[in-house]
Amino acid sequence: MPRETNAAKRERAVEVCERLNRRYGPVECFLDHENPFRLLIAVLLSAQTTDAQVNKVTPKLFAQWPTPEAMAGASVADVADTIKSLGFYKSKAKHAVEAAQMIVADYGGEVPADMKELVKLPGVGRKTANIVLNVGYGIVEGIAVDTHVNRIAHRLMLSPKTHAKEPLKTEQDLLKILPHEYWESVNHQWITFGREICDARKPKCDECPLADLCPSVRVAG
DNA sequence: ATCCCGAGGG
DNA sequence: CCCTCTGGAT
């Protein structure tokens, strides 16, 4: 079995994006994002949780600590108490406070609009940084690869099996095969698709709009 | 029971 | 590479 060429992958990936774009149109960020700082904190809190859960706690959180300066002075325990309904609340509280401190100390109270600087913040990896750059600043220099994007990329075999557990490498694979104009739409549209159709446990292949070009499609019955 | 709109640390 | 952190959803 000859390895698929990048050109073939690109054609398939572009068709995937075109179809999902037609299906979902422009998808908005479901997290509250009044400014880059609040967006950063919200994305930080969103790991292993739904946006709805995050949106329940952020009003209380930002009522107490509205700015980087305020949150930099918060006690981790108090923040943890406020976000306790979220998973991983202790580490998230620690990351939020320490990130705020670093934003004040090193970046003049402004969330840096730069990938290299963003990933220096505690709790911020490439996935979170991509969302902040993308949604907060309109800068698209990568693709936010979370568990959905990762899973779908591999089911569609747009990234080699050896990268299945390495979302950073999956991102590089997608960046190589997808034209830049598609990068921004990938995160939200693929996530929406992942939740609706291509979920982790029981993908609904029988009603999937991509079934005809998916190497992993499973036939009903 | 098992999985999740991740990242840090061993 | 693996593990851990965690509550909520299914």
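Reminder, nothing fancy here: chain letters follow the sequence lines and each chain counts from 1.
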Please list each protein N or O that sits under 3.5 Å from an N or O in nucleotides 3-6 of chain C, with the distance.
unit_1 : atom_1 : unit_2  : atom_2 : d
C:dT6  : O4'    : A:Phe88 : N      : 3.2

For A:Arg201 and A:Thr162, take the nucleotide of DNA chain C holding the closest heavy atom to each; which residue's nucleotide lies nearer the 5' end? A:Thr162

Base, sugar-phosphate or nothing for [X]? Non-hydrogen atoms, less than 4.0 Å.
X: A:Val149; value: nothing
X: A:Asp51; value: base
X: A:Pro122; value: sugar-phosphate
X: A:Thr128; value: sugar-phosphate
X: A:His95; value: sugar-phosphate
X: A:Glu166; value: sugar-phosphate
X: A:Leu168; value: nothing

Side chains of A:Glu171 and A:Asn130: do they bring a donor and an acceptor to under 3.5 Å? yes

Using the [atom1] atom in both, what is the distance from [N] to [M], to the nearest Å?
N: C:dG7; M: B:dG9; atom1: C1'; value: 22 Å
N: C:dA9; M: B:dA7; atom1: P; value: 22 Å
N: C:dC1; M: B:dC5; atom1: C1'; value: 24 Å
N: C:dG8; M: B:dG8; atom1: C1'; value: 23 Å
N: B:dG10; M: C:dT6; atom1: P; value: 16 Å
N: B:dT2; M: C:dT4; atom1: P; value: 16 Å

Around atom [atom1] of [X], are there more than 12 heavy atoms of other residues, nucleotides or ligands at under 6.0 Å?
X: A:Gln64; atom1: CD; value: yes
X: A:Lys204; atom1: NZ; value: yes
X: A:Glu207; atom1: CD; value: yes

If you assign each of A:Lys127 and A:Ala200 to its closest nucleotide in DNA chain B, which residue comes earlier from the 5' end? A:Ala200

Reading DNA chain B from 5' onward, which residue's closest nucleotide shows up sooner: A:Gly123 or A:Thr50? A:Thr50

From A:Cys208 SG over to A:Arg155 CZ, what is the distance, rounded to the nearest 0.5 angstrom? 9.5 Å

Enter the distance from A:Phe88:CZ to A:Thr49:OG1 here, rounded to the nearest 0.5 Å. 7.5 Å

Taking only residues at least two apart or on different chains, which pairs with a member in residues 97-122 of chain A satisfy side-chain hydrogen bond (donor to acceptor under 3.5 Å, both in side chains)? A:Lys94-A:Glu98, A:Tyr107-A:Glu117, A:Glu117-A:Lys120

Regarding A:Arg23 and the six-membered ring of A:Phe193, is the cationic atom NZ or CZ under 6.0 Å from the ring centre and inside 45° of its axis? no

A:Asn55 CG to C:dG7 P: how many Å, rounded? 20 Å

Side chain to side chain contact (heavy atoms under 4.5 Å, CB included) between A:Ile131 and A:Ser46: does it pass, once the steps are laid out? CA-CA 11 Å; A:Ile131 300 277; A:Ser46 72; over 6 Å; no

First contact, last contact: which nucleotides of DNA chain B are these for chain A, 5' to 3', heavy-atom distance under 4.0 Å? B:dT2 to B:dG8

Give me the atom names and distance for the closest heavy-atom approach of A:Gly109 to A:Pro68. O-CG, 3.6 Å

